[in-house]
There are 2 protein chains.
Amino acid sequence: MKSADKKSPTMKNKRPTLQDVADLVGVTKMTVSRFLRNPDQVSVPLQTKIADALEDLGYIPNRAPDILSKSKSHAIGVLLPSLTNQVFAEVIRGIESVVEPAGYQTMLAHYGYSKEAEEARIATLLSYNVDGLIISESYHTERVRKMLAVAGIPVIEIMDSVSPPIEQAIGIDNEAAAYAMTDFMIKRDRKKIVYFAARMDQRTLFKIKGYETAMLDNGLTPLCLKTNSASSFTLGATFLHDALQQQPDTDGIFCTNDDLAIGALYACQKAGIKVPQDISIAGFHGHDISRAMVPLLATVITPREEMGRLAAEHLLSRLQGNPVSQKIIDLPFKIEAGESI
Amino acid sequence: MKSADKKSPTMKNKRPTLQDVADLVGVTKMTVSRFLRNPDQVSVPLQTKIADALEDLGYIPNRAPDILSKSKSHAIGVLLPSLTNQVFAEVIRGIESVVEPAGYQTMLAHYGYSKEAEEARIATLLSYNVDGLIISESYHTERVRKMLAVAGIPVIEIMDSVSPPIEQAIGIDNEAAAYAMTDFMIKRDRKKIVYFAARMDQRTLFKIKGYETAMLDNGLTPLCLKTNSASSFTLGATFLHDALQQQPDTDGIFCTNDDLAIGALYACQKAGIKVPQDISIAGFHGHDISRAMVPLLATVITPREEMGRLAAEHLLSRLQGNPVSQKIIDLPFKIEAGESI
DNA sequence: TATGATAATGTTACCTGTAACAAAACATGG
DNA sequence: CCATGTTTTGTTACAGGTAACATTATCATA
């Protein structure tokens, strides 16, 4: 294994380039490039020699030149407000399940619900020449809209199916879902239902609106406990005590997500409050745990993973040149009564 | 706003380059480049003109040329076996919490526990010139090792602190943790403890070994229920019934993770089996839910998020040129008795 | 053997930002 | 008003693949 080529790659301690491989074989890098994309384009004797050289040097492809010349990276950017929320973990899973088999790479970013950070993250993702973007939330700054317009890549907004999308949105109607669950609880004779809200983002606001409208439509008085911090089991317990203090005859609790609901439910168990006899409790999203626990949690089942999957599928379709097939894809939710109502 | 430049960028419907900005201002792209990196390097009158032009055209930086010429992307690759497992979601969160503020980008990939897919994913991540890698699992193929060696970038392996790492490992001693919990249950007078194992990866094997050793050390007979499918609440319930059939006097159940344990616990509640009076149940990892439920789940608390955070911190440190400070970082676990033992 | 067709390989240019060096513009003091 | 130093701007080259075009080798057939 002689390495008598002029620019010995081992000396530079740099990963070998096509040129290094070509030098070793005694051909042009173009020939090696051809072999990599379509081995039959190269004569049979060269095929084995090139294959050996690639193996010998441990050649690793380099996408940088291609990204530079074509402005296409074969990567898609995924920008979410948070990774703490289990919902987004499931969305990511759905996205990856489509993106990875299609040979695309996922670039992940999050911005902690800050519009300023969102701008910065989008700029960063675009600076890597991502071929497309999946983003969350429906409101975006003018700067973000301009960047996306200038970048000229397909963008899909997820989570919300109501706000007019930049190009295409895939999500659920949060307001309608919250209305439906509230109405369902009212029909089961609950009259003093309190809403627990955390992380006051756009979707939470929609849900609160749905809850309040349903209450008012039925001549009932809404009461909403709010905090801007993230939801958690313990927050659910705290809210329960707050609710009972503010409204001792509370007979129903509807939470902006399952975490709060489960926390509230456990707090009831500890306090000797019977669920659902004394108080009904409902969550939102239908995470695995809510579908397995005792008692089964009443919840609004949302298609988180499917949302990610669909978003990825539509994005890939558009990367193949297809037009936007449907501006808004409104996914169905399902009211699950469980055993806690 | 006249656009009298020769190669009108609007015509090509391509995002503007530094050249486009420079043309608009009437300077060289080098001057614009200087302004972007350090505005003071440019005369005051030009500063405003360039800033305006950048704004006008909606210039978005392009990292591709820099990645090409420096072979540095300011992105780090994160390769995990699965995104389904909640453990990995928490690890990702830990990684992102460090990587993002440091101005690095995360490229996420997963390989579904297939060694072949792992090779492919690593090659892909390297083809994007990631500056460093965080990977999971301790066994890697020769090809993977060679690729990593050739790439010459820092690599950190997470999850396991026992196997000799390629360069640096950050994790826990799964065998010791499983031994400790088993021993703890035995000390609480449990004698017929069954182990529930799913997803038979390396870490699960370590845990089984710890469990079996503890049982044998105490003169007890181990019994392990195994499946290669992913763990879930329902699987925990299924396993419970299998265990009671195979060993009716089972008095303890130790699960390879919390999902299984919670599933088994709920199944006990439904079957009228008292926990922990009739059967003790322990999980592994200590997810939020296990720290909130009723009864509190006994579990081995592992520092998942911290593992990700530390991995990212050490990786960044090495990207700044620091050497590997500690080949293996063995993070502490904690036996939490909860109320289910 | 010449000829045209085809297959195999080579050459050149390009993608965009920036390091490194070069030149021009400007300021200051003698 | 020149010499000198400093600030500001310009020029050139480069990173590593590949598209597009050019050339050379190969082969079958007249």
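Letters A, B, ... are given to chains in the order of the sequence lines, protein chains preceding strands, and every chain is numbered from 1.
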For B/E90, check salt bridge (charged side-chain N to carboxylate O under 4.0 Å, His left out) against everything at least two apart and list the hits.
-> B/R304
Would you kindly give the [atom1]-to-[atom2] distance between [X] and [N], to the nearest whole Å?
X: A/Q41; N: D/dA20; atom1: CD; atom2: P; answer: 13 Å
X: A/L54; N: D/dG17; atom1: CG; atom2: P; answer: 11 Å
X: A/D23; N: D/dG16; atom1: CG; atom2: C1'; answer: 13 Å
X: A/D40; N: C/dA7; atom1: CG; atom2: P; answer: 12 Å
X: B/Q47; N: D/dT9; atom1: CD; atom2: C1'; answer: 14 Å
X: A/K72; N: D/dA19; atom1: NZ; atom2: P; answer: 15 Å
X: A/L18; N: D/dA19; atom1: CG; atom2: P; answer: 12 Å
X: A/M30; N: D/dA20; atom1: CE; atom2: P; answer: 11 Å

Global bending angle along the helix from C/dT1-D/dA30 to C/dG30-D/dC1, which compares the axes of five pairs at either end, to 10 degrees |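 Answer for the end axes of this duplex: 50°.
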Rounded distance (nearest 0.5 Å) linking atom CZ of A/R15 with atom CE of B/M147 =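 Rounded to the nearest 0.5 Å, the CZ-CE separation comes to 10.5 Å.
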First locate atom CD of A/Q168, then atom CD1 of A/I329, and finally report the distance between them rounded to the nearest 0.5 Å.
-> 5.0 Å
Using distance alone, with no hydrogens and no angle criterion, decide if A/H74 and A/Q105 have a side-chain donor and acceptor under 3.5 Å apart.
-> no
Using distance alone, with no hydrogens and no angle criterion, decide if B/H140 and B/E157 have a side-chain donor and acceptor under 3.5 Å apart.
-> yes
For B/P65 and B/T31, take the nucleotide of DNA chain D holding the closest heavy atom to each; which residue's nucleotide lies nearer the 5' end?
->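 Closest to the 5' end, via its nearest nucleotide, is B/T31.
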Between B/S43 and B/L68, which is nearer to the 5' end of DNA chain D once each is assigned its nearest nucleotide?
->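 Checking each residue's closest nucleotide, the 5'-ward one belongs to B/S43.
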Options [options], nucleotide nearest the side-chain atoms of [X]:
X: B/R34; options: D/dT18, C/dG10, C/dC21; answer: C/dC21
X: A/T28; options: D/dT9, D/dT18, C/dT11; answer: C/dT11
X: A/L46; options: C/dT9, D/dA19, C/dT16; answer: C/dT9

Please work out if B/I67 contacts a base, only the sugar-phosphate, or nothing of the nucleic acid, heavy-atom cut-off 4.0 Å.
->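 No contact at all - B/I67 keeps every heavy atom at 4.0 Å or more from the nucleic acid.
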Assess whether one donor atom and one acceptor atom, taken from the side chain of A/R37 and the base of D/dG17, lie less than 3.5 Å apart.
-> no
Of B/P61 and A/K29, the one whose closest DNA chain C nucleotide lies more 5' =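 Nearest nucleotide further toward 5': that of A/K29.
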Is any side-chain nitrogen or oxygen of [X] closer than 4.0 Å to OP1 or OP2 of [N]?
X: B/S33; N: C/dG17; result: no
X: A/Y59; N: D/dG16; result: no
X: B/S71; N: D/dA15; result: no

Check against salt bridge (Lys or Arg N to Asp or Glu O under 4.0 Å), B/E167 and B/K327 = CA-CA 7 Å; B/E167 295 174 0; B/K327 214 167 155 56; over 6 Å; no
Using ring-ring contact (aromatic ring centres under 6.0 Å, His included) as the criterion, list what pairs up with A/Y128, not counting sequence neighbours.
->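 If we apply the ring-ring contact (aromatic ring centres under 6.0 Å, His included) test to A/Y128, skipping adjacent residues, there are no hits.
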Side-chain donor/acceptor of A/E118 to backbone N/O of A/Y113, under 3.5 Å =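 Such a contact is absent between A/E118 side chain and A/Y113 backbone.
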